[in-house]
Amino acid sequence: MKLTIIGSGYVGLTTGACFAEVGHEVMCVDNDEAKVATLLHGEIPIYEPGLEEIVRNNVAAGRLQFTTDTPEGVAHGDVVFIAVPTPPNPDGSVDLKFIEKVAREIAPAIKEYKVVVDKSTVPVKTGEKVAETIKRYAPEAEFDVVSNPEFLREGSAVEDLMKPDRIVFGSNSDRASALMKKIYEPFVAPLLVTDINSAELIKHAANSFLALKISYINAVSAICEASDADVELVAEGIGMDKRIGRDFLNAGLGYGGSCFPKDIAAFITISDQLGVPFDLLKEVEKINRQQLSRFIERIRQKLWVLEEKKIAVWGLSFKPDTDDVRCSVAIELVEKLVAEGAEITAYDPKAMDRVKDLEVGSKITLANSPEAAAKGAEAVIVATEWPEFANVDFNAVRELMLSPILFDGRNLLDPGTMETHGFDYEGIGRGSLEE
Ligand code: UGA
């Protein structure tokens, strides 16, 4: 099928590339000329495992094209996906100006029947607004609006798209639904077709539920610390219940990234606006904030004054397998330690170039390996659970450090093994080996 994707960011680019990979003819539109030039060379502006190869192969095969010309893009596709950013406003609501702009821009370019699909994460009832806008700017245009939320995770985006758990779309038109089903036929996955409003809600409700699971186990981790229990065993024990499941029960510094913090805030705002305040989610946010504060408090307890303390931070991205540092808890941690006068040397396998662009980037030292970061440090903090951190030579690291204190903010390491290597280990919800 001929498909158009407006917006070549994380979701747009990965979706477009995977659609091309299964044989669709895809044209991606982006108003950033430099980005389009990069993509036309088969290079990608982000780090995402497996994506570059798919982009390169499909550009070479002619199934994946890029343009800055919106009318050209709209003319190409029978179905036009909107995948532009929906950033947060300061009050937590969603800024929909990019969605509205795309609706205005594509309207006059619709010369024959099109399905306009919203893939960006948007508040419920945005689909109605998109349809109204297109109608206002092009009263004769023949089109249907569909909501098709995306459930990919950064770091495993290609796999999530190629082998999804489920495909959800909301449509109020049989004609549009038939085309959507055809697009997704090559992806063998359970399909749920709903009305537009329900599909929009599914996205916010799914992300909020996952965040709730994380905050739940983080709240339990605080109780484990106070009662000398081990949150890893508790998570295993409750996760063995099929109704609960072990996924997203990893206690740590809390959730970050470009989705959860924004989407939970948006869902809270939407429910307030609808007159049905979602207080449970306010608690989820509160627990998430407390998790980082409690961790910093534990660091203070151990190191006393943080000023002039040399601390190594391993991991800066908001999770492993990505270079994304947007709303990264690791970055927030570094900012808070720097504000208290700590001298931070940090290492991340992929995100260091991104950190250089941040304000805090100029206030810390970036090292080229975990060992180099640990040299002369009074403590090492694991802030992001990159698997390579578990495989360093810990005896060598201990020798390099001024004092062998290890704060594991993601429970990546085994406390007993770390003790054997001579470390004073502090994890999350694992009590303290000293106690
Ligand atoms: C999330 C959802 O998982 C996707 O399904 C969704 O499509 C996406 O948002 C989106 O809305 O676009 P993502 O933000 O890429 O994906 O990453 P996650 O793997 O969900 O992790 C989010 C945060 O939660 C990370 O900071 C991670 O460290 C944290 N987390 C995750 C935990 O602290 N504990 C866990 O058990 C799992």
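Just so it is clear, the values below take in all heavy atoms, side chains as well, and ignore hydrogens, waters and symmetry mates. Just follow the structure's listing: the first ligand is 1, and inside any ligand the first atom is 1. Predicted model, so just to flag it, every value in this text is computed and none were measured.
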Geometric class of the F19/F187 ring pair [parallel <30°, tilted 30-60°, perpendicular >60°]:
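Answer is perpendicular, since the angle exceeds 60°.
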Is the distance between the ring centroids of W314 and Y347 under 6.0 Å?
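No, too far apart.
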Between [X] and [Y], which heavy-atom pair has the shortest distance, and what is it?
X	Y	value
K181	V193	CE-CG2, 4.1 Å
H76	K2	O-CB, 3.4 Å
N207	C259	ND2-CB, 4.1 Å

Among all the protein's non-hydrogen atoms, which is closest to [atom], and how far away is it?
atom	answer
atom 18 (P) of ligand 1	K319 NZ, 3.5 Å
atom 15 (O) of ligand 1	E154 N, 2.7 Å
atom 24 (O) of ligand 1	Y255 CB, 3.3 Å
atom 32 (C) of ligand 1	I214 CD1, 3.6 Å
atom 14 (O) of ligand 1	F318 CE1, 3.7 Å
atom 34 (N) of ligand 1	N250 O, 3.0 Å
atom 10 (C) of ligand 1	C259 SG, 2.9 Å
atom 8 (C) of ligand 1	L152 O, 3.3 Å

Quick one: does G257 get a heavy atom under 4.0 Å from ligand 1?
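Judged by the 4.0 Å heavy-atom criterion, G257 does not count as contacting ligand 1.
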Sub-4.0 Å heavy-atom approach of G256 to ligand 1:
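Per 4.0 Å heavy-atom rule, G256 contacts ligand 1.
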Side chains of Q291 and S221: any donor to acceptor distance under 3.5 Å?
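A pair is found: one side chain offers a donor N or O, the other an acceptor, under 3.5 Å apart.
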Modelled atom types, side-chain donor and acceptor of N148 and Y184, under 3.5 Å:
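Their side chains do contain a donor-acceptor pair, which is all the 3.5 Å distance test asks for.
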Does K213 approach ligand 1 within less than 4.0 angstrom via side chain, backbone, both or neither, non-hydrogen atoms only?
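Near ligand 1, K213 shows nothing, with every heavy atom at 4.0 Å or more.
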Region of L249 that comes within reach of ligand 1 [heavy atoms, distance under 4.0 Å]
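Backbone only; the side chain of L249 stays clear of ligand 1.
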Against heavy atoms of [X], which atoms of ligand 1 measure under 4.0 Å?
X	answer
E150	7 (O)
D263	11 (O)
K203	6 (C), 7 (O), 10 (C), 11 (O), 12 (O)
R410	28 (O), 33 (O)
G254	33 (O)

For the residue pair D118 and V146, establish whether any side-chain heavy-atom pair is separated by less than 4.5 Å.
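A side-chain contact under 4.5 Å is absent here.
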Look at the side chain of E378 and the backbone N and O of K310, then say whether any donor-acceptor pair between them is shorter than 3.5 Å.
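Judged by distance alone, yes, a pair lies under 3.5 Å.
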May I ask you to check whether over 12 heavy atoms, not counting those of E43, lie within 6.0 Å of atom CD?
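Counting neighbours around CD of E43, more than 12 heavy atoms of other residues, nucleotides or ligands fall under 6.0 Å, so yes.
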Ignoring hydrogens, just give me the one of F260, F151, F248 whose non-hydrogen atom is nearest atom 2 (C) of ligand 1.
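Going through F260, F151, F248 one by one, F260 has the nearest heavy atom to atom 2 (C) of ligand 1.
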